[in-house]
Amino acid sequence: MARKLTPSEFFEIMAQKNGISPLVFQQVYESTMDFIVNEMRMYGEIKLPNFLNITLTHFESKYRRVPIDISLENRGKTKLVWVEAYDKLNFVPTERFKQNVNDNYVTRAEIKKQRVIAEKDRKILAELEKQKGLRENALLQLEEIRKKKQEKYLLRQGKKVEKAKTDEELEDEEFGYNG
């Protein structure tokens, strides 16, 4: 059985899906319905993209035969009845709408959601690539700084070694060692 929604439930659900307030959605819905009714009055038909086509057919007043009742003794018997003029609306779903309902075709909303997700993923990947490049650059700079510090350290150690040798040589000379 189909789910029966009150107008306020319908507006609330649709407002949540679209990220707007129920009052705003109600105004959009009412203006859409007004537009459809005005188009039907003016042109007798309207085509709602990816949803349905509505056509208005006018029937004049006339006599019409209708069954008397459904009892067995009156089966097949008819009577003439005067039918006033009336308009009939025909709702024909578009092929895309039929596919959405029958074949689990991807809806436009789902496509938009997937595009948003893909765009976020692309931005994240770009940011990761940027950070990776920055990290590599920082590692290269850090390596250069380490090399410079190592060179300075070795240079200082070399001077200490040279100075130590010269001190040893001086001590050797003092004590008369010739080595």
Side-chain angles (χ1 to χ4, degrees), residues 1-140:
M1 181 171 184
R3 183 169 121 174
K4 293 183 180 181
L5 296 174
T6 64
S8 60
E9 289 174 333
F10 174 70
F11 297 143
E12 183 69 32
I13 291 169
M14 295 307 293
Q16 286 176 353
K17 284 185 177 245
N18 292 294
I20 57 176
S21 74
L23 184 61
V24 171
F25 182 78
Q26 182 178 357
Q27 291 170 346
V28 170
Y29 179 80
E30 288 171 355
S31 65
T32 303
M33 290 299 114
D34 291 343
F35 171 75
I36 291 171
V37 168
N38 290 335
E39 289 290 310
M40 293 302 296
R41 286 180 182 159
M42 289 173 52
Y43 303 110
E45 70 178 333
I46 186 168
K47 296 182 180 191
L48 302 173
N50 300 320
F51 185 47
L52 56 88
N53 301 327
I54 305 171
T55 56
L56 178 73
T57 308
H58 180 75
F59 292 95
E60 297 293 330
S61 301
K62 64 180 179 179
Y63 280 101
R64 190 168 178 202
R65 293 197 170 273
V66 295
I68 295 176
D69 59 26
I70 58 170
S71 64
L72 288 176
E73 60 269 359
N74 291 328
R75 183 170 282 172
K77 296 181 181 176
T78 60
K79 63 180 175 180
L80 283 177
V81 176
W82 177 253
V83 178
E84 293 293 328
Y86 64 96
D87 293 327
K88 178 182 174 188
L89 291 174
N90 294 318
F91 296 86
V92 179
T94 61
E95 287 301 315
R96 183 160 188 152
F97 186 70
K98 287 180 192 177
Q99 289 174 350
N100 288 347
V101 172
N102 295 325
D103 300 333
N104 295 328
Y105 188 79
V106 179
T107 63
R108 295 174 67 92
E110 289 177 21
I111 290 171
K112 286 181 181 179
K113 285 179 187 175
Q114 291 300 324
R115 285 182 184 158
V116 168
I117 291 170
E119 182 65 21
K120 285 181 183 177
D121 289 347
R122 189 189 62 74
K123 286 180 180 178
I124 289 170
L125 288 174
E127 183 64 28
L128 288 174
E129 287 295 323
K130 181 180 174 184
Q131 289 177 1
K132 183 180 176 185
L134 291 174
R135 183 172 186 262
E136 289 174 357
N137 192 17
L139 288 174
L140 288 175

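Computed from a predicted model, the values in this text were never measured in an experiment.
- Annotation for Arg64: atom CZ does not count as buried by contact number, only 12 or fewer foreign heavy atoms lying within 6.0 Å.
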Set out, in order, the CA-CA distance, both residues' side-chain angles and the distance that settles side chain to side chain donor-acceptor pair (under 3.5 Å) for Gln99 and Glu95, then state yes or no. CA-CA 6 Å; Gln99 289 174 350; Glu95 287 301 315; 5.4 Å; no
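- Partners of Leu140 under the side chain to side chain contact (heavy atoms under 4.5 Å, CB included) rule, at least two apart in sequence or in another chain, do not exist in this structure.
- Panel note: side chain Asn137, backbone Gly133; no donor-acceptor pair is recorded below 3.5 Å.
- Under the 30°/60° scheme for interplanar angles, the aromatic rings of Phe59 and Tyr86 are found to lie parallel.
- Side-chain polar atoms of Gln26 and Glu30 form a donor-acceptor pair below 3.5 angstrom.
- In this structure, Phe91 has no ring pair (Phe, Tyr, Trp, His ring centres under 6.0 Å) partners at least two apart in sequence or on a different chain.
- When all heavy atoms of Thr94 and Asn50 are compared, the pair lying nearest together is OG1-C, 3.4 Å.
- The ring pair (Phe, Tyr, Trp, His ring centres under 6.0 Å) search around Phe51 returns Phe97, not counting sequence neighbours.
- A salt bridge does not link Lys132 to Glu129: none of the charged side-chain nitrogens sits closer than 4.0 Å to a carboxylate oxygen.
- Between Lys79 and Ile68, the shortest heavy-atom distance links the atoms N-CG1, 4.2 Å.
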Checking Glu119 against Arg122 for the salt bridge (charged side-chain N to carboxylate O under 4.0 Å, His left out) test, could you report, in this order, the C-alpha distance in whole Å, the side-chain angles of both residues, the deciding distance, and whether it holds? CA-CA 5 Å; Glu119 182 65 21; Arg122 189 189 62 74; 2.5 Å; yes
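- Put simply, CG on Leu52 and NZ on Lys47 are 12.0 Å apart, with the number rounded to the nearest 0.5 Å.
- To the nearest 0.5 Å, atom CD1 of residue Ile36 and atom CD1 of residue Ile54 are 5.5 Å apart.
- From Gln27, atom CD reaches atom CD1 of Ile20 across 9.5 Å, with rounding to the nearest 0.5 Å.
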